[in-house]
Structures are given as structure tokens and as C-alpha cells.
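To start, the structure under review is shown below, and the notes come after it.
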Amino acid sequence: MNEFFPDIKKITYEGKSSRNPLAFKYYDPDEIIDGKKMREHLKFAVSWWHTMCGDGTDMFGVGTADKSWGESYPEARSKARIDAAFEIMDKLSIDYFCFHDRDISPEYGTLAETNARFDAAVDYLAEKMKEYPDKKLLWGTAKAFDHPRYMHGAGTSPSADVFAYAAAQIKHAIDATIRLGGTGYVFWGGREGYETLLNTNYALEQDNMARLLHMAVDYARRKGFTGDFYIEPKPKEPTKHQYDFDAATVLGFLRKYDLFDDFRLNIEANHATLAQHTFQHELRVARENGKFGSIDANQGDPLLGWDTDQFPTNIYDATLCMYEVIKAGGFTNGGLNFDAKARRGSFTPEDIFLSYIAGMDTFALGFKAARALIADGRLDKFTEERYASWNTGIGKKIISGDVGFEELEQYALQRGEVTDSLSSGRQEMLEAIVNNILFSL
Ligand code: XLS
Ligand code: CA
Ligand code: CA
């Protein structure tokens, strides 16, 4: 078969002194760490929508990158895209991919026709996966947000017909995910939110979203899906107010609607910062609630207030991300999906490889730095000591439930002023420790 990137050979690890732009400097896929290859620790995934479909179109101009894969007709293009995707994964030593149904095959008139052509593309994908047995589906999802029918939402549309259509589309995307052995299924709340409360039945929309999720879980489990369901929080864009605002909001929703046991979170860096949180904050909230699942690895631009989906190159953030991942016990069904696109000006085929190399090296370094931070132990020890008052005396009694307000009042009256029980938070010292670790790698 013809190669799509004949000038690009398989990307190899050359180490940090290499000056070859088409080589890994930090990511050695086969390096064994704690008995596991780096590729198994990091579980990188290609995002089909950005890498295979995104051509740099923005609201001010048409695409700059050619993502036609040499084909003018949608069916042939779907197939060529699959061939090109496997070449990219193979050359970059990436073992996973993620897709929306419509990235694989677009809409064609009726739902029945769309489904039939989608199924044919999935057949081809399944064949290709046999040819490359180490390439796996990390997660699938349905694009229930771009067609005009979803202008007011899918699961939260005011139209029950649209809800039914979305359910039918999601059912089919779940079928494909199961068929391809996907270990996850994502719900990102595309247009599930509102522009104005003046026309919105907030309570009904929330209840309906929960109804849709219950139906999806019931259906998928009946069909034998054993992977994880994820909700991917995002605070705004495309709607002014997205219902799945951030990790804490989603956890409250899952608890309210008896969905808590069925879902984990897919945390995206750029969505965290849009919600005015750090990436690490969102991961910590997920982890401490037992809901860490998967990651959409990218970064926003601090000067821009929208979802720029840039390839992650910030080692500091990647380190603190991987710190949370390691503390969560590593990835199980999830992984690091590059929900990221090369900038509109980075339009050549090589830019696909260069941008993935940048992101993969960043996370390989972040992984090593996070391991070093944990092994160093200064951060964890400092935090542990900061909370030492909860291990003995009155702290221990509060935790064990042995005291109430009356006893605490007695204690406070006897104890006198308590400011002397505090010690410095030492933020600057801790930040310097992180720098010390980062620059000694
Ligand atoms: C959009 C989201 C989307 C999800 C999948 O902002 O990041 O790409 O990851 O629907
Ligand atoms: Ca995402
Ligand atoms: Ca995004």
C-alpha cells in the first residue's frame, strides 16, 4: 500500500542530546520502568478529529492543512483516513486512538444510510486493527453537537424528537465501541448547556441528561461493555454555560442522579483552565473521589479565553498531572489522549509528527519528573507533617467522632489562643523543590 508520509521514517528515541527534530528526546517507548514499558505507562492516543480531520479551519478562514488524504468522496476518504491513521500511529509508536462516530464516517442523509456507511467504515477499521494487533481503541464517543438538529442540545434539547435521535446515534456509537474492543466511552456535553435562562427549563434538561446516561449505561452493559464510561467536564464553549462545568459539578450531578458508580472522569487540561482551575486541581478532585479515569492531554493559552487545544509542551503541568496519575495508581482503562491540534500555521504533514513528538516528550519527561518528586519525598513529607495535629490529641478525637461542639468548646476555653499551633505553608520552598527536581533530570 502507498505510504501517506513516505519521507517520514519510524520515529525513534535518540536521547536528549539529539538535534534531530524527527526523533524522541525523552520518550523511549520500550524503556522499562517498574517492570512496564513506558508506552504502557503513558498509553498515548491519537485523537481522530484533530489529527485525521482537522484542517485548521477557523471562523476567520478556511483550512490550511490538507486532510483530504487524496480522496474527494466521503467514503473513499473515510478509508484513506483509516490507512493514514495507522501509519501515523505506527510511525509514532502510539498504541491507542479515540474517535467520534462522525470522524470515522460523516452524515449521509437519513440515519439509516449514515449508520450503514459508518458500519462499513468500522468494518474496515476492524480489519486494520487485525493487521496492527497492538493498536487499540481507547474510547469512542458520538458527535451529538455539530449538526443543526443539535443546536439546542442533544440530551438536553427542548425537543423530545432530538433526544430520541441523539439516543439512536449514541446507541450506534456504543455498538461500534464495543465491536472494536474500546475500553472507554466518553460523554462530553457538546451543546448540553444553555445560552440564557430566559428560555431554559434547567430542571427538566438536567433530569433528561441523567435519563439519557442511564439508558446508555443500561444498554451498553446489556450488550457486554465492560469498559469505563467517562464524563468530560468543560465549563463553557460552545454554550455560554455548559452543564458539566468542572469535576466537582459533575460529581454532584452523578451523585444526585444515582450514576456515581457507573462513571469516571475524563479530565482535559484546557477545560480545567477554562474553568479557572489548574489541570492538577481537576485531577486531584477526580482522584480523591475515586473517579480518576482518563486524560485529554493538551494545553490552553493563558492569554486566550477559549479552548485552543494546543499540543502540551508545559513540563511543569505535565509533571503535576503525572504526579496525580501515579498517585491514582496509573491508568487502567484510560490513557493520555492528545486532544490537541497543531496551530493553523503549522500546516505541513511533518507538523503532525513534530507536534506529537513535542507532546509525547513532554509527558515522558513529566512522568519521570513526577516519579522523581515522589521518590524524593520532600513534598509528601511536608504535607503529611503539616496535618500531624490530626493524628493525636484533639484532632484524633474529632476524626474518630469522640467529641462534639460541647467538648470542643471546653477544649478551646482551656487551650487559649491557638495561633501558635500553625506553621509556615512554605509555598516558595516547595516550588523551589519542584524546580530542583525538574532541572536535575
Ligand atoms: C471539546 C472536547 C471534545 C471531546 C470529545 O472541547 O474536548 O473534543 O473530548 O467529544
Ligand atoms: Ca476533550
Ligand atoms: Ca477541548
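We count ligands from 1, going down the list as the structure has it; atoms in each ligand are counted the same way. No experiment lies behind these values; they were computed from the predicted model shown.
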*Taking it one step at a time, do R102 and D146 satisfy salt bridge (charged side-chain N to carboxylate O under 4.0 Å, His left out)?*
CA-CA 10 Å; R102 303 298 175 246; D146 71 335; over 6 Å; no
*Closest D339 atom to the Ca ion (ligand 2) [N, O or S only]*: OD2
*asked:* Ignoring hydrogens and geometry beyond distance, is a side-chain donor-acceptor pair present between N298 and D339 at under 3.5 Å?
replied: no
_How wide is the angle at the Ca ion (ligand 3) spanned by D307 OD2 and H271 NE2, rounded to 10 degrees?_
80°
*Calculate the angle formed at the Ca ion (ligand 2) by OE1 in E268 and OE2 in E232; 10° precision is enough.*
90°
*Go through the side-chain N and O atoms of Q280 and Y316 and say whether any donor and acceptor fall under 3.5 Å apart.*
no
*Indicate, with yes or no, if the rings of F311 and H50 have centres closer together than 6.0 Å.*
no
*Check whether NZ of the Lys or CZ of the Arg R117 lies under 6.0 Å from the centre of the six-membered ring of Y108 and within 45 degrees of that ring's axis.*
yes
_Atom of D296 nearest the Ca ion (ligand 2) (restricted to N/O/S, atom name only)_ = OD2
*Taking the six-membered ring of F260, is the NZ or CZ of K291 close enough (under 6.0 Å from the centre) and on axis enough (within 45°)?*
yes
*Think R149 forms a cation-pi with Y165, using NZ or CZ under 6.0 Å from the six-ring centre and within 45 degrees of its axis?*
yes
*Any side-chain donor near an acceptor of the partner, Y323 and D380, under 3.5 Å*: yes
*State whether D309 contributes an N/O/S atom found under 3.0 Å from the Ca ion (ligand 2).*
no
Return a table of N or O atom pairs, ligand 1 on one side and protein on the other, at distances under 3.5 Å, rounded to 0.1 Å.
| unit_1 | atom_1 | unit_2 | atom_2 | d |
| --- | --- | --- | --- | --- |
| ligand 1 | 6 (O) | K234 | NZ | 2.9 |
| ligand 1 | 6 (O) | H271 | NE2 | 3.1 |
| ligand 1 | 6 (O) | D307 | OD2 | 3.0 |
| ligand 1 | 7 (O) | E232 | OE2 | 2.9 |
| ligand 1 | 7 (O) | E268 | OE1 | 2.8 |
| ligand 1 | 7 (O) | H271 | NE2 | 3.3 |
| ligand 1 | 7 (O) | D339 | OD2 | 2.8 |
| ligand 1 | 8 (O) | W49 | NE1 | 3.4 |
| ligand 1 | 8 (O) | D339 | OD2 | 3.2 |
| ligand 1 | 9 (O) | E232 | OE1 | 2.7 |
| ligand 1 | 9 (O) | E232 | OE2 | 3.0 |
| ligand 1 | 9 (O) | D296 | OD2 | 3.1 |
| ligand 1 | 9 (O) | D339 | OD2 | 3.1 |
| ligand 1 | 10 (O) | H100 | NE2 | 2.7 |

